[in-house]
Amino acid sequence: MYCLENDAVALAFDEQTGAIVEFTNRKTGRALVSQLALGLTLLLPMEGCRNNRAESGCQKLASFAPLPDGGAVLRYDSVFTRHGGEQPVAVEITVRLTPAGARFETQVENRSGLTVEEVQYPAFGGIAPGGARQPLVSRTMHFQGGFSSLELGDGFANPGYWGTDWPTACRSYPSPEVSAPFLLLEDGRQGLYLGVHGDEPSFAGFLHEYRPGYADNKHRRLLRDGETGRPAGFCISVSQLPFAAPGETVRLAPVVAEFYQGDWHSGLERYRAWRDTWYSPVPRPSWLDQADCWMTLHINSPEGCCRYRYTELPQLMRRAGRQGVKVLQLIGWARGGQDGDEPYQDTDPRLGTRQELKDSIAQIEAMGIHVLLMCKFKWADQSTPEYARELYPQTMKDIYGDPVYFGGYSYQTTLQRVSGGSRRVGAGLCHLSEGMRRIARREMEKLLDLRPSGILYDELANPLLLCFDPAHGHRPGACIHPGTVQLAKEFYAMGREKIGPDFFMAGEGPSDVLSQYYRGDYIRSGDGNMGEARHTPAWKYLEPDWHIATCLVGFDDREMVNQCMTYGYAMNYEPYNFKGTPDDVPETARAVTAAQALRMKLKEYIWDGEFRHTVGVRVEAADDRVEHIYSLFVSRRSGRRTVVVANQSAGMALEARVCLEGAETFDLYRPDAPEAAPSGDRITVPARSFCVLVER
């Protein structure tokens, strides 16, 4: 074996294949890799055989050269493929140890006549499954602000089914399931951070495989290592798609693998440390400091419901303003209704004139309610008359030259719910194309002429990632996300020039790079969303200053109000799935009004304060059956700490002890009793309510 080690980690490679045969956290003794070792895997498609792989175990390491800093360079002079035999593709991997792990930099020099489409490296094979009492979980941060989690143990699903050789799941960045290019592999006490640290956003796949498969398919019981004489375990690898053409040399984005101790909060700190080296967000508008209550309103659909005319909006919002609404997100205001006629931003004559909408927005803004116009530029509706002439040339193309299909959305009618019915469908738009961005800028000019406070870009979390159209001026197979970032810069500059320094851009699920420009997120954080049994405020912890609004849909949505207060989210009225008003949900409105009053009273602590989630505080419930959540906020002015505790159970009071080091007495506030009352560290929180404790 070739070995690298420092005080924190031990890393070893097979002398023949270069496979990673050991990766150990020396501080805890946790060994990540067993005998099912993996190394470098490439894909070099051939005519009639796209799945022509250079598999890890078939490669021959040409050299292993130690570096003065304790790292090493692994070199392959050629690779051996399953169907094409030996190919003159040289791969050089530079490995450097870090204080907590290792950094891998890979360069591919393609001297063959084939394209190097995919590179999987690093790859960690033979990870033992977690058990019921100590589950091993892979987490990626999703577009609703929490975690998409895969439990790596018995029950691990195989969404690919017959399309894969063994149970396999892939999480790809950037996508709705992966908003930042990393995963956390952890058991709640220690974990591994695996991050792709490129200079610009590019595709990164996090591949999870269980080799060789199930022992018992009915119960999804995984074959254990050594059972039936086969090595077994989870294999986690990073996949990048360089599409290195013949004669081309490509350097891939570096990959960092580092151990950490603690839960996911500690893992996010690894990512935050890297992000701080490049993250440069635009300023928040001053009015956002008061915008703790939104209302989202849908006024038209692609089926032409025409719910409200433009001239009716001021009266509607005058009433909503008296119920605490500070922001209106207006949906379906443009021609075609919501998700119709995309990406055009003309007003709809069925709802009134352009001037009527402009006047209505001015009246609403004069009330102190800031208007965000929803827009979307990720896909083209093929039913629009401009599609063939203007949009088709700007659509994303797949490897076969066909448009990348987008399935659209269904609304109230049965025929629209049926594929092949009246649903608007189309194709993704390539943001790397200057022609596409020119169209988008023209349409944004129409929107900005209405003079809203900002925009809400719907579905920024885009699963349409790659384009192969050479007419767009990019390399085949390019990830379009850098073009989306460029479009964000252009939109922001246009808004600042037209509206002013308080112009605000929010989006549904911006990636980490896009969040520099879209300084607000529009989410749905109810339990069960994106596979989370309980919503985790991961993005709010990562970036406490990011403005996040979540949806209140229920007629008595006190648990969601509690969540907003505990996690520092703006409350967003969405009765009837954003087709109603606060008047439709009086019980929810009463809860919002009381919570909002308390939040503004304690604004320094639980709205302006730094959100720390559960780091630095512990709330111990007397009865584990009582569902509860809690968070710590720290005042940026005084440093005083505040704990918000919410009881999410319907039928039981929460008896609990608040453990905050150095604090034994608090000022206690409740939504139904907003004046301070002295309290010790033992509290009672009624069912479906919350309390706020400010340290004395």
Side-chain angles (χ1 to χ4, degrees), residues 8-11 20-34 36-39 98 100-104 120-142 146-157 166-173 177-197 204-211 222 225 232-240 254-274 530-532 536 538 541-542:
V9 296
L11 179 62
I20 299 174
V21 295
E22 181 185 0
F23 191 39
T24 301
N25 183 344
R26 299 185 69 185
K27 294 182 178 179
T28 65
R30 173 72 179 272
L32 193 67
V33 179
S34 74
L36 191 64
L38 292 178
T98 71
R103 176 184 174 95
F104 303 86
Q120 293 179 18
Y121 195 83
F124 303 103
I127 301 169
R133 299 184 63 181
Q134 191 175 330
L136 182 64
V137 180
S138 172
R139 304 185 192 277
T140 55
M141 203 158 63
H142 64 61
F147 283 121
S148 290
S149 298
L150 289 170
E151 192 163 308
L152 305 187
D154 288 334
F156 180 73
W166 33 68
T168 301
C170 187
R171 296 285 188 262
S172 299
Y173 168 86
E177 289 182 319
V178 189
S179 295
F182 70 87
L183 69 75
L184 305 178
L185 187 66
E186 63 167 48
D187 60 12
R189 297 185 300 176
Q190 59 179 319
L192 177 76
Y193 166 86
L194 190 60
V196 179
H197 292 186
F206 298 98
L207 194 63
H208 306 70
E209 304 170 306
Y210 194 83
R211 302 187 186 187
L222 301 172
D225 192 33
F234 277 100
C235 303
I236 309 293
S237 55
V238 176
S239 170
Q240 299 188 62
V255 178
V256 171
E258 292 190 327
F259 293 105
Y260 62 88
Q261 291 178 264
D263 63 7
W264 62 264
H265 298 91
S266 300
L268 275 189
E269 294 299 338
R270 301 287 181 186
Y271 169 73
R272 192 204 304 267
W274 172 66
M530 297 297 292
E532 282 190 290
T536 307
Y541 174 77
L542 176 67

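This chain uses plain numbering: 1 for the first residue, then up along the sequence. Note that these values count all heavy atoms, side chains included, but never hydrogens, waters or copies made by symmetry.
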Discussion item. On a heavy-atom basis, which atom in Ala8 and which in Ala100 lie closest, and how many Å separate them?
Written reply: CB-CA, 4.2 Å

Worksheet item: Less than 4.5 Å apart, any side-chain heavy atom of Gln240 and any of Val255?
Response: yes

Worksheet item: Are side-chain heavy atoms of Asp187 and Arg30 found at a separation under 4.5 Å?
Response: yes

Discussion item. Distance check, rounded to the nearest 0.5 Å: Met141 atom CE versus Phe147 atom CZ?
Written reply: 6.5 Å

Fill in: Gap between atom CZ of Arg211 and atom CH2 of Trp166 - 0.5 Å precision
4.0 Å

Discussion item. Minimum heavy-atom separation for Ser138 and His208, please, with both atom names.
Written reply: OG-NE2, 2.7 Å

Discussion item. So which atom in Gly39 and which in Ala123 form the shortest heavy-atom distance, rounded to 0.1 Å?
Written reply: O-CB, 3.7 Å

Worksheet item: Does Glu177 offer a backbone N or O that forms a donor-acceptor pair with the side chain of Thr140 under 3.5 Å?
Response: yes

Worksheet entry | Distance (rounded to the nearest 0.5 Å) between His142 NE2 and Glu532 CD | 3.5 Å

Worksheet item: Is there side-chain contact between Ser237 and Cys235, with at least one heavy-atom pair below 4.5 Å?
Response: no

Worksheet item: Hey, do the aromatic rings of Trp264 and Tyr541 have their centres closer than 6.0 Å?
Response: yes

Worksheet item: Which pair of heavy atoms, one from Val178 and one from Tyr173, lies closest together, and at what distance?
Response: O-CD1, 3.4 Å

Worksheet item: In Å and rounded to the nearest 0.5 Å, what is the CG to CG distance from Leu268 to Leu184?
Response: 6.0 Å

Discussion item. Taking CZ in Arg189 as the centre, count heavy atoms belonging to other residues, nucleotides or ligands within less than 6.0 Å. Is the count above 12?
Written reply: no

Practice prompt. Among Val256, Leu185, Val238, find the residue that satisfies the side chain to side chain contact (heavy atoms under 4.5 Å, CB included) test when tested with Leu194.
Written response: Val238

Worksheet item: With a 4.5 Å heavy-atom cut-off, do Arg139 and Thr536 have their side chains touching?
Response: no

Worksheet item: Phe104 and Pro122: which non-hydrogen atoms are nearest, and at how many Å?
Response: CD1-CG, 3.8 Å

Discussion item. In the structure I gave you, are the side-chain heavy atoms of Ile20 and Tyr121 within less than 4.5 Å of one another anywhere?
Written reply: yes

Worksheet entry | Residue pair Asp225 / Ala232: nearest heavy atoms and the distance that separates them | OD1-N, 2.9 Å

Discussion item. Determine whether the aromatic ring centres of residues Phe182 and Tyr271 are separated by less than 6.0 angstrom.
Written reply: yes

Practice prompt. Assess the side chains of Thr28 and Gln261: does a donor N or O sit below 3.5 Å from an acceptor N or O?
Written response: no

Fill in: Reference residue Ile236; test side chain to side chain contact (heavy atoms under 4.5 Å, CB included); the match among Leu192, Leu183, Leu207
Leu183

Practice prompt. Could you tell me whether a side-chain N or O of Thr24 sits under 3.5 Å from a main-chain N or O of Arg26, the two making a donor and an acceptor?
Written response: no

Item to complete: Answer whether the closest heavy-atom distance between the side chains of Tyr193 and Glu269 falls below 4.5 Å.
Response: no

Worksheet item: Would you say the side chain of Phe259 lies within less than 4.5 Å of the side chain of Gln190, judging by non-hydrogen atoms?
Response: no

Worksheet entry | Interatomic spacing from CG in Leu152 to CZ in Phe234 - rounded to 0.5 Å | 4.5 Å

Response to the item:
Rounded to the nearest 0.5 Å, the CG atom of Leu136 sits from the CD atom of Glu186 at a distance of 9.0 Å

